[in-house]
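Here's the structure, in structure tokens; my notes come after.
Below, chain A is the first sequence line, B the second, and so on; all start at residue 1.
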There are 2 protein chains.
Amino acid sequence: MSKPTIEDVAKLAKVSTATVSRVINKQGGVRKATEERIAKAISQLDYIPNAVARSMVKKTTKTIGVIIPDINNPFFPLVVSGIEQQAREKGYFTVLCNTNESPEIERELTQILLERSVDGLIVTTADEDGKQLQSAIDRGIPIVAVDRAIKSFEVDTVLVGNIDGAYQATRHLILQGHKRIAIICGPQNTTPGYERFVGFKKALEEYQIPLPEDLVLEGDFKEESGFKLTQKLYSMQERPTAIFSSNNLMTVGCVKAVMETGWQMGKELAFIGFDDVDIATFVTPSLSVVSRPMRQLGELAFDILYEKMTSTGEWVRRHYVLSPELKIRQSCTIKNTN
Amino acid sequence: MSKPTIEDVAKLAKVSTATVSRVINKQGGVRKATEERIAKAISQLDYIPNAVARSMVKKTTKTIGVIIPDINNPFFPLVVSGIEQQAREKGYFTVLCNTNESPEIERELTQILLERSVDGLIVTTADEDGKQLQSAIDRGIPIVAVDRAIKSFEVDTVLVGNIDGAYQATRHLILQGHKRIAIICGPQNTTPGYERFVGFKKALEEYQIPLPEDLVLEGDFKEESGFKLTQKLYSMQERPTAIFSSNNLMTVGCVKAVMETGWQMGKELAFIGFDDVDIATFVTPSLSVVSRPMRQLGELAFDILYEKMTSTGEWVRRHYVLSPELKIRQSCTIKNTN
DNA sequence: TTGAAAGCGCTAACAA
DNA sequence: TTGTTAGCGCTTTCAA
């Protein structure tokens, strides 16, 4: 009752394993009658080729590893959908791994994926320094970084325009007449956190609004911090008239705090968040956001990886930056009347 | 520059591959000095053991496959988190696959996972009939069904109390004084869809409220259908005073429709949804829901699978049903004043 | 405590 | 058109 092997099939069909292999792999050069006999044997035995053995000799697994930091953040499943779709099309299988934002787990998973001989790696790293990916780099396995850059090594990268998106959002708020604009930043040692702050500053500079030091708050990209920092802003003597939140989860926390404090969003307070969130169109007023092309991000990442995996010659590193889109809804349409 | 093998390590350390293998697998029985020499060789060469070759001889991959129908439905990532955690603890690696609710893709993925010789399978099937899992069953590979039963075969199953949850929700509405209670059902050929309807009917019967045929609407568990069916309810001559929605996505659609029509939830309309949703605490009034223990579901599923994978003797099928929890918030606290 | 060698299931020359 | 055979990198007897 153990699994049938290619040999069992060969015996039953009275041919050699080589011929069975030819049929399985559709290589042709097998007489029609023989092929039919083999096909019959295969279905009779419920034979399933052993990919492990195949990988052993082919030295390729037709598998890519995808490492993401947070599977419960809806952003990543969407990116993964894009990756998977392209991968399927090219006959690659996708193995998804979640690090929970832990560089240590990322290191372990990288090790496991290398042991399992994945043909390539797409990663959104938990630590942009990237040392935890060292062993993958040493191996020379194709890698593409998505959404977060990797500093220690030269790898192909697909990002979205963080600076651009934050700039557009901030500018929009400025053009609405706001001068006291707060920003809830992400960690400044991450590319998204840092760059979104840069875009924010850029817009202020352009319109010659001095950076309001007291209104620059640093969170950790999690809901809790968005909540607390918003409370802090509300408790200020001179409150901001607008808030820019640097990511989706902090936006959620921010909205919760706004509701709880009774701050009047859309009246006393204008708001734009980075990244669309489910709740955006449910709250009143609906939330204006900077929206990113998630699927596209994933598709492009795989396409690049695929080229790397299949190309033989020299490879020129590529860095793509996709454009975000400003979605204006109700949370920032009012003019500041102060 | 190709990958170093165990042989390279053996040569460098001037021992046989057998000894290196002993060290790698921590089997003991190796002289301290030898072990150190080998360890040094390993790190010098950046040697990573090849799991493919190991699986080849061990006939186990220490890998489980997890098949889910929709990675973008936040319910599943949470279940997967539970699975992964337990799996990691036992040294198993989790391979996550998404079928997009397509039985055909499910069949393909099952095939791929079998080819890759996963040691076990946890699946939330896209089609409860389960024929697309036939080959896995034939192989006799351990399988655990999660959240959705599989009809064609006897497999271990972990579900949540759909009937119970729907019953509790409906009863709560009844006790609030409601008589005209609508239900937005899921597909009646799925266990969740069917059972939640059963729980609904059970509560009505218990309180001798006749089933209001016109208020029983069947959706497809997607947002769109929740939206449309709610519009339909609103347009009725005699509207319901309460709605029970059978899943999270339809709840979202329902809420959208309620907001759009101007129906006064919490006043003219009471609402309870099955499954918690992100927006539940953001809308006004906040939504009462039947909440399920997602992580726990995943943990239990792996625990059972693990037992099956490691046990040798007879195996008694198990069917677990976890209890949901009724979370009362604001959307149903009002009394019907008709 | 160590090594030699067989073999896991498959593919890919090379021969016939 | 088909078969023979040598590995792929590893683990595991069995001997030494």
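- At whole-Å resolution of the value, CZ in B:Arg116 and P in C:dC10 are 15 Å apart.
- Heavy-atom distances under 4.0 Å link DNA chain C to B:Thr34 of residues 34-45 of chain B, given in residue order.
- For the pair A:Lys58 NZ and D:dA6 P, the computed distance is 21 Å after rounding to whole Å.
- Looking at residues two or more places apart in sequence or on another chain, you find no salt bridge (Lys or Arg N to Asp or Glu O under 4.0 Å) involving A:Arg22.
- Here A:Lys32 does not reach the OP1 or OP2 of D:dT1: none of its side-chain N or O atoms lies under 4.0 Å away.
- The side chain of A:Arg31 sits closest to D:dT1 out of D:dT1, C:dA5, D:dG9.
- The two residues B:Ala149 and B:Glu128 have their closest heavy-atom pair at O-OE1, 3.2 Å.
- Applying the 4.0 Å criterion to OP1 and OP2 of C:dT2, one finds that B:Thr19 has every side-chain N and O outside that range.
- Of the candidates D:dG9, C:dG3, D:dT4, the closest approach to any side-chain atom of B:Ala18 belongs to C:dG3.
- In this structure, of C:dG3, D:dC8, D:dT5, it is C:dG3 that holds the atom nearest to the side chain of B:Val15.
- Following rounding to the nearest Å, B:Lys3 (NZ) and D:dC8 (P) show an atom-to-atom distance of 14 Å.
- Rounded to an integer number of Å, the gap from CZ of B:Arg54 to P of D:dC8 is 19 Å.
- Using a 4.0 Å heavy-atom criterion, one finds that B:Ser21 contacts the bases of the nucleic acid, with or without backbone contacts as well.
- Using a 4.5 Å heavy-atom cutoff, the side chains of A:Val23 and A:Asn25 are not in contact.
- Side-chain proximity of A:Arg22 to D:dT11, D:dT2, C:dA4: nearest is D:dT2.
- One finds the OG1 atom of A:Thr110 at 6.5 Å from the CG atom of A:Leu113 (value rounded to the nearest 0.5 Å).
- Atom CE in B:Met56 sits roughly 10 Å away from atom C1' in D:dG9 (whole-Å rounding).
- Checked against D:dT11, D:dG9, D:dG3, the side chain of B:Asn25 finds its nearest nucleotide in D:dT11.
- Side-chain N/O atoms of A:Asp129 and A:Ser152 include a donor and acceptor closer than 3.5 Å.
- For A:Gln27, taking side-chain heavy atoms from C-beta onward, the closest of the listed nucleotides D:dT11, C:dA12, C:dC10 is C:dA12.
- Mapped onto DNA chain C by nearest heavy atom, A:Thr5 and B:Lys14 fall at different nucleotides, with B:Lys14 at the one closer to the 5' end.
- A side-chain N or O of A:Gln132 and one of A:Glu106 form a donor-acceptor pair less than 3.5 Å apart.
- Look at CG on A:Asn50: it is 18 Å from P on C:dG7, rounded to the nearest Å.
- Residues in residues 40-64 of chain B take part in these side-chain hydrogen bond (donor to acceptor under 3.5 Å, both in side chains) pairs, two or more places apart or across chains: A:Arg116-B:Thr63, B:Thr60-B:Asp119, B:Thr61-B:Asp119.
- Set against C:dA5, C:dC8, D:dC8, the side chain of A:Val57 has D:dC8 as its closest nucleotide.
- Residues B:Arg295 and B:Gln85 bring a donor and an acceptor atom of their side chains to less than 3.5 Å of each other.
- The distance from atom CD1 of B:Ile6 to atom P of C:dA4 is 14 Å, rounded to the nearest whole Å.
- Between B:Lys62 atom NZ and D:dT11 atom C1' the separation is 15 Å, expressed in whole Å.
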